[in-house]
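Okay, structure first, notes after.
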Amino acid sequence: MVEIRTERLLLRAARVDDVTALHRIFTHRRAMAYWSTLPHRDLAETRDWLQSMIDIPAGEGEDFIVEHAGRVIGKAGLYRFPETGFIFDPDVWGRGFAAEALRAVLDRAFAVHRLESVIADVDPRNRASLTLLERLGFRETGRKARTWLIGDTWCDSVYLRLDAAELPLAPARIAPTHPA
Ligand SMILES: CC(C)(COP(=O)(O)OP(=O)(O)OC[C@H]1O[C@@H](n2cnc3c(N)ncnc32)[C@H](O)[C@@H]1OP(=O)(O)O)[C@@H](O)C(=O)NCCC(=O)NCCS
């Protein structure tokens, strides 16, 4: 799997030894507040989740571990084409890392994988994700109630989409800055 270097980040394939760093994120109450599962209960749960990330077949998705300064700070990618998913360590929120990682993911989605659009499914209470995706050019396409049963609580979805044709055509976005 390709590695991508952005200005500050390294996006690379997941490895089994990422489990400790990911477990820290997947057990964090704030990071998991609007995730599609409850916080992980034990290391085995994170190990299984990580293995499913490692096992994504090449033609079906592409999900990256994100490192900053040699430390794993999250993951971002297309866990199943054309749907994006991302989660970052709350310690590094608000520094533009998620936006930087997702820009690289979107560049590849359109320029390399030739997807026509990328979609997202976000809890309407998840202001951080909605703002992030809107800043990247995503537009809301619909809403649905009671889409996810998380523990014993039903949660809702906002659906968003970014079409290749709607990409902001800034030079940095068009140029193939990241090798395939
Ligand atoms: C969503 C998430 C990845 C954002 O990470 P981040 O590193 O803080 O994002 P960035 O610093 O790149 O911020 C991107 C934009 O979102 C905005 N933003 C970030 N947190 C926000 C918040 N709590 N409320 C409103 N806007 C917010 C930032 O201001 C920034 O906009 P700007 O460029 O105009 O300043 C992070 O909050 C996270 O990991 N959440 C938990 C996992 C999750 O919910 N994943 C999505 C499931 S669909």
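As the structure is a prediction and not an experimental result, all values here were calculated from the model. Numbering of residues begins at 1 and proceeds along the displayed sequence. Whatever order the structure lists ligands and atoms in, that order sets their numbers, starting from 1.
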Looking only at distances, can you tell me whether any N or O atom of [X], backbone or side chain, sits closer than 3.5 Å to an N or O atom of ligand 1?
X: R135; answer: yes
X: G94; answer: yes
X: R95; answer: yes
X: R30; answer: no
X: G96; answer: yes
X: A31; answer: no

Identity and distance of the protein heavy atom lying nearest [atom]:
atom: atom 45 (N) of ligand 1; answer: F86 O, 2.7 Å
atom: atom 39 (O) of ligand 1; answer: F88 N, 2.8 Å
atom: atom 44 (O) of ligand 1; answer: N126 ND2, 2.8 Å
atom: atom 25 (C) of ligand 1; answer: T131 OG1, 3.5 Å
atom: atom 15 (C) of ligand 1; answer: L132 CA, 4.0 Å

Out of all atoms in ligand 1, which are within 4.0 Å of some heavy atom of [X]? Include the element for each.
X: A98; value: 3 (C), 4 (C), 5 (O), 6 (P), 7 (O), 9 (O), 12 (O)
X: S129; value: 1 (C), 43 (C), 44 (O), 45 (N), 46 (C)
X: D121; value: 48 (S)
X: F97; value: 12 (O)

CA sep, side-chain torsions, deciding dist, call: E100, R103, salt bridge (Lys or Arg N to Asp or Glu O under 4.0 Å): CA-CA 5 Å; E100 187 171 324; R103 273 194 199 100; over 6 Å; no

Quick check: do [X] and [Y] have side-chain heavy atoms less than 4.5 Å from each other?
X: L10; Y: E3; answer: yes
X: Y34; Y: R125; answer: yes
X: Y159; Y: I119; answer: no

My question is simple, although I want it checked carefully: is [atom] less than 4.0 angstrom from any protein heavy atom?
atom: atom 11 (O) of ligand 1; result: yes
atom: atom 36 (C) of ligand 1; result: yes
atom: atom 29 (O) of ligand 1; result: no

Do Y79 and I54 share a hydrophobic cluster, counting only Ile, Leu, Val, Met, Phe, Trp and Tyr and linking them when any side-chain heavy atoms are less than 4.5 Å apart? no

Counting heavy atoms only, which of A128, G85, S157 is nearest atom 23 (N) of ligand 1? A128

With rounding to the nearest 0.5 Å, note down the distance linking [atom1] in [X] to [atom2] in [Y].
X: D156; Y: K144; atom1: CG; atom2: NZ; result: 11.0 Å
X: R8; Y: H68; atom1: CZ; atom2: NE2; result: 6.5 Å
X: M53; Y: E62; atom1: CE; atom2: CD; result: 10.0 Å

Heavy atoms only, cut-off 4.0 Å: how does [X] contact ligand 1, side chain, backbone, both, or neither?
X: W93; answer: both
X: A99; answer: both
X: D123; answer: neither

With a 6.0 Å cut-off (strictly less than), is the heavy-atom count around CD of E116, excluding the residue itself, greater than 12? no

Whether D42 side chain and E45 backbone form a donor-acceptor pair below 3.5 Å: yes

For the pair W93 (side chain) and F88 (backbone), establish whether a donor and an acceptor sit closer than 3.5 Å, ignoring hydrogens and angles. yes

Test applied, salt bridge (charged side-chain N to carboxylate O under 4.0 Å, His left out); reference residue, D18; option that passes from R24, K75, R71, R12: R12

Hey, can you tell me if H40 and F26 have their rings parallel, tilted or perpendicular (30° and 60° cut-offs)? parallel

